[in-house]
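Input: a single structure, listed below in structure tokens.
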Amino acid sequence: MDSSVIRVNGEMLKVLVIMAYLLAASSAGNFYQDVTITWGGPRGQILDGGQTLALSLDNISGSGFESNYQFLYGRFDVQLKLIPGDSAGTVTTFFLSSQGTTHDEIDFEFLGNSSGQPYTVHTNVFAQGLGNREQQFKLWFDPTLAFHTYTIIWNSQRIIYMVDNIPIRVFSNYIANGVPYPTSQPMKVYASLWNADDWATQGGRVKTNWALAPFTATYRYYNADACVINGMTNSCNDGINRPWQTQGLDANGTNAIKWVQQNYMIYDYCTDFKRFPTGLPTECNLPRF
């Protein structure tokens, strides 16, 4: 790649990281008001006046929280610092989900690894109970050294996954082509830290080292700029236009996602012909961005 292009990409990434940090810090909610720690007992702790939430995992239990509200479309941001050192076998999550066998779900999962080895960012989309739409990435930084912002944008046209305001994945609404898409089931926000050493690290070959427990991941500056659903009431029926409701990728976003996927994507279900021997899913043959 031309060195001038690398310099431009580097400067663009710096600007996007700063923008993401300022956005999260200025619009953050409060964990005391916005979420409930639902499992793990004292392993989940709200700190710093409600700005920070720590989840821990030991050999007895992990921990997790869920939002106090359910949503139908929105922008969901959180800053997260992952487990340092040997995090093999652990899974840290930030995701949206409804309930039931035909549930919808939009996943960010961070799969731990042995010391010195990079995390895997695992993404998946479920619609009407159907998933199997995984894309996985490595990151271009160490996510254990500092907080970074992870974002899910969900509107009626597309789902956008972002890291530090840089898009890494888009899943578009192709219902007209017979592809399920989450459009009608309100979802809550969930986060958790749990043990999955039967599969999470190198296919389960590397197990959790419990001598290093407890493992801790820290969340802060959670914010949901979203349509709150309360019974038949939708908070977005107020005539206000919100940028995320029609957000897609502009030219810079398209260049950024291509850079990420060319350099940091390590698995794409749309190229897994062994998994889909009779033909790839329909959306794999349609425009991705």
Where do [X] and [Y] come nearest, in terms of heavy atoms and distance?
| X | Y | value |
| --- | --- | --- |
| Ile257 | Phe289 | CD1-CE2, 3.7 Å |
| Gly62 | Arg43 | O-CD, 3.6 Å |
| Ser67 | Tyr222 | CB-OH, 3.9 Å |
| Arg275 | Tyr267 | NH1-OH, 3.0 Å |
| Ser61 | Gly40 | OG-CA, 4.0 Å |

Please enumerate all residues that pass side-chain contact (heavy atoms from CB on, under 4.5 Å) together with Tyr181, with sequence neighbours excluded.
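Partners of Tyr181 under the side-chain contact (heavy atoms from CB on, under 4.5 Å) test: Trp154, Ile159, Phe171, Asn173, Ile175, Thr183.
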
Which residues pass the side-chain contact (heavy atoms from CB on, under 4.5 Å) test with Ala88, sequence neighbours left out?
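Here the qualifying residues are Asp86, Ser114, Thr201, Val206.
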
Measure the spacing between [atom1] of [X] and [atom2] of [Y] and express it to the nearest 0.5 Å.
| X | Y | atom1 | atom2 | result |
| --- | --- | --- | --- | --- |
| Ile168 | Gln135 | CD1 | CD | 8.5 Å |
| Ile229 | Leu72 | CD1 | CG | 5.0 Å |
| Leu193 | Asp58 | CG | CG | 9.5 Å |
| Asn209 | Ser115 | CG | OG | 9.0 Å |
| Lys81 | His148 | NZ | NE2 | 10.0 Å |
| Leu80 | Thr144 | CG | OG1 | 11.0 Å |

May I ask you to test the [X]-[Y] pair for a side-chain heavy-atom distance under 4.5 Å?
| X | Y | answer |
| --- | --- | --- |
| Val189 | Val35 | no |
| Asn165 | Thr149 | no |
| Ile37 | Leu53 | yes |
| Met187 | Pro182 | yes |
| Leu82 | Phe215 | no |
| Arg288 | Val170 | no |
| Leu280 | Phe273 | yes |
| Asn132 | Leu130 | no |

Same cluster for [X] and [Y] if Ile/Leu/Val/Met/Phe/Trp/Tyr side chains link at under 4.5 Å?
| X | Y | answer |
| --- | --- | --- |
| Phe95 | Tyr269 | no |
| Ile60 | Leu55 | no |
| Leu249 | Leu286 | yes |
| Val91 | Val163 | no |
| Trp194 | Leu111 | yes |

In this structure, are over 12 heavy atoms from other groups packed under 6.0 Å from Lys258 atom NZ?
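Count not over threshold, so no.
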
Just wondering, are more than 12 heavy atoms of other shown residues or ligands nearer than 6.0 Å to CG in Asn241?
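Atom CG in Asn241 is not packed in, count stays at 12 or less.
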
Verdict with supporting geometry, Asn195 and Thr208, side-chain hydrogen bond (donor to acceptor under 3.5 Å, both in side chains)
CA-CA 8 Å; Asn195 178 52; Thr208 304; 2.6 Å; yes

Check: Asn30 side chain, Tyr32 main-chain N or O, donor-acceptor pair, under 3.5 Å:
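Checking the backbone N and O of Tyr32 against the side chain of Asn30, a donor-acceptor pair under 3.5 Å is found.
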
Please confirm whether the backbone N or O of Glu283 pairs with a side-chain atom of Asn177, one donor and one acceptor, at under 3.5 Å?
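No, Asn177 side chain to Glu283 backbone: no donor-acceptor pair under 3.5 Å.
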
List the steps and the verdict of side chain to side chain contact (heavy atoms under 4.5 Å, CB included) for Met265 and Arg169.
CA-CA 10 Å; Met265 179 184 283; Arg169 178 180 184 177; over 6 Å; no

What ring pair (Phe, Tyr, Trp, His ring centres under 6.0 Å) pairs are there with at least one residue in residues 100-132, not counting sequence neighbours?
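Qualifying pairs, neighbours excluded: His103-Phe126, Phe108-Phe110, Phe108-Tyr150, Phe108-Tyr161, Phe110-Tyr150.
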
What pairs with Tyr174 under ring-ring contact (aromatic ring centres under 6.0 Å, His included), at least two apart in sequence or on another chain?
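Tyr174 satisfies ring-ring contact (aromatic ring centres under 6.0 Å, His included) with no other residue.
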
Hey, could you give me each pair passing disulfide (SG to SG under 2.5 Å) that has a residue in residues 220-250? Not counting sequence neighbours.
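Passing the test, one end in residues 220-250: Cys227-Cys236.
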
Are Phe65 and Tyr219 an aromatic pair, judged by ring center distance below 6.0 Å?
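Between Phe65 and Tyr219, which both carry aromatic rings, the centre distance is below 6.0 Å.
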
Between Tyr221 and Phe147, is the ring centroid distance below 6.0 Å?
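No.
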
Thr246/Asn155 under side chain to side chain contact (heavy atoms under 4.5 Å, CB included): CA gap, chis, key distance, verdict
CA-CA 7 Å; Thr246 56; Asn155 60 38; 5.7 Å; no

Before you tell me yes or no, could you show the steps for Val179 and Arg133 under side chain to side chain contact (heavy atoms under 4.5 Å, CB included), namely the whole-Å CA-CA distance, both residues' side-chain angles and the distance that decides it to 0.1 Å?
CA-CA 11 Å; Val179 179; Arg133 293 179 169 88; 4.0 Å; yes

For Thr93 and Ser192, what are the C-alpha separation, side-chain angles and deciding distance, and is it a side-chain hydrogen bond (donor to acceptor under 3.5 Å, both in side chains)?
CA-CA 5 Å; Thr93 71; Ser192 59; 2.6 Å; yes

Which residue is it: Thr123, Thr120, Asn263? I am looking for the one with a side-chain contact (heavy atoms from CB on, under 4.5 Å) to Phe137.
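Only one option passes, and that is Thr123.
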
Is it true that the side chains of Thr36 and Asn68 contain a donor and an acceptor less than 3.5 Å apart?
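Distance-only check passes for Thr36 and Asn68.
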
In terms of side-chain heavy atoms, does Gln51 have a donor or acceptor partner in Arg220 at a distance below 3.5 Å?
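No.
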
Summary of side chain to side chain donor-acceptor pair (under 3.5 Å) pairs that have at least one residue in residues 227-240, sequence neighbours excluded
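The answer is Asp238-Arg242.
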
Determine, stepwise, if the pair Thr151 / Arg75 fulfils side chain to side chain contact (heavy atoms under 4.5 Å, CB included).
CA-CA 7 Å; Thr151 301; Arg75 175 177 177 135; 3.7 Å; yes

Run the ring-ring contact (aromatic ring centres under 6.0 Å, His included) test on Trp140 and Trp259 for me, step by step, so that the C-alpha distance in whole Å, both residues' side-chain angles and the decisive distance to 0.1 Å come before the verdict.
CA-CA 11 Å; Trp140 49 95; Trp259 174 79; 5.7 Å; yes

